[in-house]
A.B. asks: 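Quick one: the structure is below, questions incoming.
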Amino acid sequence: MEHSTNPRAGAWAPRGTRREVANREAPERIPVRPQGDIPVIVRVVWLDGTEEWRPARAVRWTAEHVMVAWRDDQDDPRSERHEWLRAGDVARSVSWFVGPPQTPRATGPKAMPA
């Protein structure tokens with residue numbers, strides 16, 4: 001069996017299969033028309049229990065749910081998928097990611113005391 005190991009692919013899976021989102025949840029009333037195309041970060045839980053935070057676009061929403069879109073393979077428009085998630089699994093920005101350690105700035109030559 002061939003596997004897709006493209007590091008830019010959103011979810012590693014055997015080629016030709018598509019991983020299912022465990023935390024998807026559609027609202028009771030679904031908006032019919034697209035409402036925007038807003039960059040977001042989404043929490044995806046796959047059926048195997050793996051959790052992933054990934055970039056996506058919010059295209060429809062209600063007070064409690066957001067339909068998001070992303071490509072499993074950025075180079076393949078056919079890999080685009082749309083999923084409804086609870087609003088708590090969608091963010092426009094986050095401040096809790098831990099960045100790399102800061103390197104101390106190099107300072108210029110020190111002045112000799114007079």
A.B. asks: Who pairs with Thr50 by side-chain hydrogen bond (donor to acceptor under 3.5 Å, both in side chains), at least two apart in sequence or on another chain?
C.D. replies: Asp48
A.B. asks: Excluding sequence neighbours, so at least two apart, what forms side-chain hydrogen bond (donor to acceptor under 3.5 Å, both in side chains) with Asn23?
C.D. replies: Asp89
A.B. asks: Find out if a path of hydrophobic residues (ILVMFWY) with successive side-chain heavy-atom gaps under 4.5 Å connects Val21 to Val66.
C.D. replies: yes
A.B. asks: Thinking salt bridges, do Asp73 and Arg71 make one under a 4.0 Å N-O criterion?
C.D. replies: no
A.B. asks: Please tell me whether Val90 and Trp70 are part of a single hydrophobic cluster in this structure, the criterion being side-chain heavy atoms less than 4.5 Å apart.
C.D. replies: yes
A.B. asks: Please identify each residue that fulfils salt bridge (Lys or Arg N to Asp or Glu O under 4.0 Å) with Glu64, with sequence neighbours left out.
C.D. replies: none
A.B. asks: Apply the side chain to side chain donor-acceptor pair (under 3.5 Å) test between Trp46 and each candidate in Glu51, Glu52, Glu20; give the one that qualifies.
C.D. replies: Glu52
A.B. asks: Is the shortest side-chain heavy-atom distance between His82 and Val59 below 4.5 Å?
C.D. replies: yes
A.B. asks: Who passes salt bridge (Lys or Arg N to Asp or Glu O under 4.0 Å) against Arg57, sequence neighbours left out?
C.D. replies: Asp37, Glu80
A.B. asks: Tell me every residue that passes side chain to side chain contact (heavy atoms under 4.5 Å, CB included) with Ala22, counting only those two or more places apart in sequence or in another chain.
C.D. replies: Val45, Leu47
A.B. asks: When hydrophobic residues are tied together by side-chain contacts of less than 4.5 Å, even through go-betweens, does Val68 share a cluster with Ile38?
C.D. replies: yes
A.B. asks: Which distance, rounded to the nearest 0.5 Å, do you find between the CD of Gln74 and the OG of Ser79?
C.D. replies: 7.0 Å
A.B. asks: Does this structure show an ion pair linking Arg81 with Asp72, if we count only N-O contacts that are shorter than 4.0 Å?
C.D. replies: yes
A.B. asks: So Val44 and Arg54, do their side chains get closer than 4.5 Å, heavy atoms only?
C.D. replies: yes
A.B. asks: Quick one: does Arg43's side chain get under 4.5 Å of Trp53's, heavy atoms only?
C.D. replies: yes
A.B. asks: What residues form a side-chain hydrogen bond (donor to acceptor under 3.5 Å, both in side chains) with Glu25, not counting sequence neighbours?
C.D. replies: His65, Arg86
A.B. asks: Not counting sequence neighbours, which residues clear side-chain hydrogen bond (donor to acceptor under 3.5 Å, both in side chains) with Arg92? List them please.
C.D. replies: none
A.B. asks: If you look only at distance, which donor and acceptor atoms sit under 3.5 Å apart when one is on a side chain in residues 26-36 and the other is two or more places apart or in another chain?
C.D. replies:
unit_1 : atom_1 : unit_2 : atom_2 : d
Gln35  : OE1    : Trp61  : N      : 2.5

